[in-house]
Amino acid sequence: MFMKSLQISFVTLLVSAVAAWASPTGPARIQGVVKDSSNNPVAGAEVHITAKDGSGLQKIVRTDAGGNFGVSSLPVTDYEVVLFVSGQVKATLNNQKVFPNKPTQMDFKLTGKYAANTKKKHTHMVYVPAETGSNLSGRWVEVDDTVGTAGATSGEVHHLSGAAVNAFQRNTGTTGGGH
């Protein structure tokens with residue numbers, strides 16, 4: 001008899017633990033559309049939905065080819081909704097309220113510098129050594145690849161011969177060479 005009670009208690013404990021670990025569900029739905037600055041749908045964007053009630057509920061969905069996303073069976077509480085495009089946070093909506101049996105619409109339209117299809121700036125880093133006699137160390141400088149003169153404002157470029165470069169490296173002060 002004791003063994004039977006122990007088995008029933010163990011099964012009850014196991015069922016309770018599984019129920020406690022299961023995600024909370026409810027009658028709410030969050031849905032929306034993600035569009036870029038040209039009003040085109042953004043496919044493959046991640047939408048992170050996190051409950052603000054301390055339950056730890058988090059859902060992550062991706063937008064479809066039409067830029068649509070949706071999550072159903074959510075508990076009625078406040079949510080934080082974060083939009084990621086290409087791994088970067090593009091928008092955050094805090095304390096979004098949802099209602100039972102009625103979809104909550106959360107649309108995103110990316111504009112300006114946050115648009116999904118902006119062209120990436122092409123740059124590279126160049127190390128600029130310290131000047132002779134300076135106590136300051138050298139530094140890294142970002143250089144725009146689209147500027148033909150590597151950021152020079154005058155646009156003046158001097159071509160040096162190999163001997164002039166060697167003399168300059170030896171710090172003799174020779175600046176010869178032709179154009």
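In what follows, every heavy atom counts, from backbone to side chain, and hydrogens, waters and symmetry copies are set aside.
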Taking side chain as C-beta onward, heavy atoms only, is [X] less than 4.5 Å from [Y]?
| X | Y | answer |
| --- | --- | --- |
| Val42 | Leu83 | no |
| Thr50 | Val82 | no |
| Tyr79 | Leu93 | no |
| Pro27 | Val76 | yes |

Which pair of heavy atoms, one from [X] and one from [Y], lies closest together, and at what distance?
| X | Y | value |
| --- | --- | --- |
| Ala43 | Ala65 | CB-CA, 3.8 Å |
| Thr77 | Ala51 | CG2-CB, 4.1 Å |
| Gly66 | Val33 | O-CG1, 4.1 Å |

Item to check | Side chain Thr63, main chain Asn68, donor-acceptor under 3.5 Å | outcome: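 A pair under 3.5 Å: no.
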Checklist entry - So which pairs with a foot in residues 60-74 pass salt bridge (charged side-chain N to carboxylate O under 4.0 Å, His left out), sequence neighbours left out? => result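 Only Glu46-Arg62 qualify under salt bridge (charged side-chain N to carboxylate O under 4.0 Å, His left out).
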Item to check | Pairwise distance NZ(Lys35) to CG(Asn40) - rounded to 0.5 angstrom | outcome: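 Those atoms lie 8.5 Å apart.
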Which pairs of donor and acceptor atoms, one on a side chain in residues 96-106, lie under 3.5 Å apart (sequence neighbours left out)?
{"from": "Gln96", "atom 1": "NE2", "to": "Asn94", "atom 2": "O", "distance (Å)": "3.1"}
{"from": "Lys97", "atom 1": "NZ", "to": "Asp78", "atom 2": "OD1", "distance (Å)": "3.4"}
{"from": "Lys97", "atom 1": "NZ", "to": "Asp78", "atom 2": "OD2", "distance (Å)": "3.4"}
{"from": "Gln105", "atom 1": "OE1", "to": "Gln31", "atom 2": "NE2", "distance (Å)": "2.9"}
{"from": "Gln105", "atom 1": "NE2", "to": "Asp107", "atom 2": "OD1", "distance (Å)": "2.7"}

